[in-house]
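Notes follow the structure.
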Amino acid sequence: MKETVIGIAVSMLLGYLIGTLSPAALIGKLKKRNLRNSGTGNLGASNVMLHFGKWMGVLVMAFDILKAFCAARLAQYLFAEVAYVSMLAGIAAILGHIFPFYMHFKGGKGLAAFGGLIMAYEPLLLVFVLAVGSILMLIVNYSFIMPYFAAVTYVSYVAYTGRDLVTTLIATVPAVLIMILHFENIVKAIKGTDVKIRKVAVTKQNIKDDDSEKEA
């Protein structure tokens, strides 16, 4: 029992600290742009993409995914005999991303880190979520589809694969948190004030084209 408690505590602490690493904050600082004051106002891949282009956003997203994935796998390696430790460490990384202690507990919304948790559980499931979720976003033209699709798909898969009830309940916690944090996107979509996915893609291309013309 003592070893289990220590294993869970250490894994979650390590997961949280790994999760607090913020490439979005670093890029914003290097670019001398306060991401909290514009765009989505969050320190995440979406806001970086809005400000600095899609490839920079993809880089941040990949890093944030790997945070939770590495936290989960590290916990599994260190405490393989402790039940649920991998998933709990991944969840702690998500919490670290959302609530970094050195930034007044104000980080991103945790979607990419949630993707890392999904990848640690089943890599192919993340591929499915990204592929289908991206198509749905383009069809609906709003970003709120991805977090809700990812949350529902993850919990459904965990429950379907025959794991015990405790695992499903643990998996539900980050899924519900992700849906709560992204609820405002649904409200904005209803009001017509949310950023439209297809429009963002076209706008970023136009900006790049303008910049290229100026440089020429």
From [X] [atom1] over to [Y] [atom2], what is the distance, rounded to the nearest 0.5 angstrom?
| X | Y | atom1 | atom2 | result |
| --- | --- | --- | --- | --- |
| Ile94 | Leu181 | CD1 | CG | 10.5 Å |
| Ile27 | Leu35 | CD1 | CG | 8.5 Å |
| His182 | Asn42 | NE2 | CG | 7.5 Å |
| Ile91 | Leu88 | CD1 | CG | 5.5 Å |
| Phe69 | Asp64 | CZ | CG | 15.0 Å |
| His97 | Leu111 | NE2 | CG | 8.5 Å |

inquiry  = If you apply the rule side chain to side chain contact (heavy atoms under 4.5 Å, CB included), what do you find for Met137 with Tyr142, and how did you get there?
reply    = CA-CA 6 Å; Met137 279 199 304; Tyr142 286 110; over 6 Å; no

For [X] against [Y], the heavy-atom pair lying closest together:
| X | Y | answer |
| --- | --- | --- |
| Ala68 | Ala113 | CB-O, 3.0 Å |
| Ala75 | Ser86 | CB-CA, 4.4 Å |
| Met179 | Tyr148 | O-OH, 2.6 Å |
| Ser134 | Met146 | N-CE, 3.5 Å |

Flag side-chain contact, heavy atom, 4.5 Å: [X] against [Y]:
| X | Y | answer |
| --- | --- | --- |
| Asn47 | Leu50 | yes |
| Ile98 | Phe105 | no |
| Thr4 | Tyr84 | no |
| Met103 | Thr20 | no |
| Val82 | Ile6 | no |
| Leu78 | Val10 | no |
| Leu177 | Leu95 | yes |
| Gln76 | Met87 | no |

request  = Could you tell me whether a side-chain N or O of Lys54 sits under 3.5 Å from a main-chain N or O of Met49, the two making a donor and an acceptor?
outcome  = no

query = Taking only residues two or more places apart in sequence, or in another chain, which ones meet Thr161 in a side-chain hydrogen bond (donor to acceptor under 3.5 Å, both in side chains)?
reply = Tyr121

inquiry  = Quick check on Tyr102: does its OH atom have over 12 non-hydrogen neighbours (other residues, nucleotides or ligands) under 6.0 Å away?
reply    = yes

message = Apply side chain to side chain contact (heavy atoms under 4.5 Å, CB included) to residues Arg73 and Met119 and explain how you reach the verdict.
response = CA-CA 10 Å; Arg73 288 301 170 88; Met119 185 167 72; over 6 Å; no

task = Go through Met12 and Val85 one step at a time and tell me if the side chain to side chain contact (heavy atoms under 4.5 Å, CB included) criterion holds.
result = CA-CA 8 Å; Met12 293 193 72; Val85 70; over 6 Å; no

message = If hydrophobic clusters are built from ILVMFWY residues whose side chains come within less than 4.5 Å, do Ile135 and Leu126 share one?
response = no

Joint cluster assignment, Val127 & Leu136, ILVMFWY side-chain distance < 4.5 Å = no

message = Between Phe128 and Ile118, is the side chain to side chain contact (heavy atoms under 4.5 Å, CB included) condition met? List the steps.
response = CA-CA 11 Å; Phe128 172 79; Ile118 296 175; over 6 Å; no

request  = Report the C-alpha distance between Phe114 and Tyr154 in whole Å, list the side-chain angles of each, state the deciding distance to 0.1 Å, and finish with yes or no for ring pair (Phe, Tyr, Trp, His ring centres under 6.0 Å).
outcome  = CA-CA 10 Å; Phe114 182 61; Tyr154 173 61; 5.4 Å; yes

Name the atoms and distances for all side-chain donor-acceptor pairs under 3.5 Å in residues 183-191, with sequence neighbours left out.
residue	atom	partner	partner atom	Å
Glu184	OE2	Lys109	NZ	2.8
Asn185	OD1	Lys109	NZ	2.9

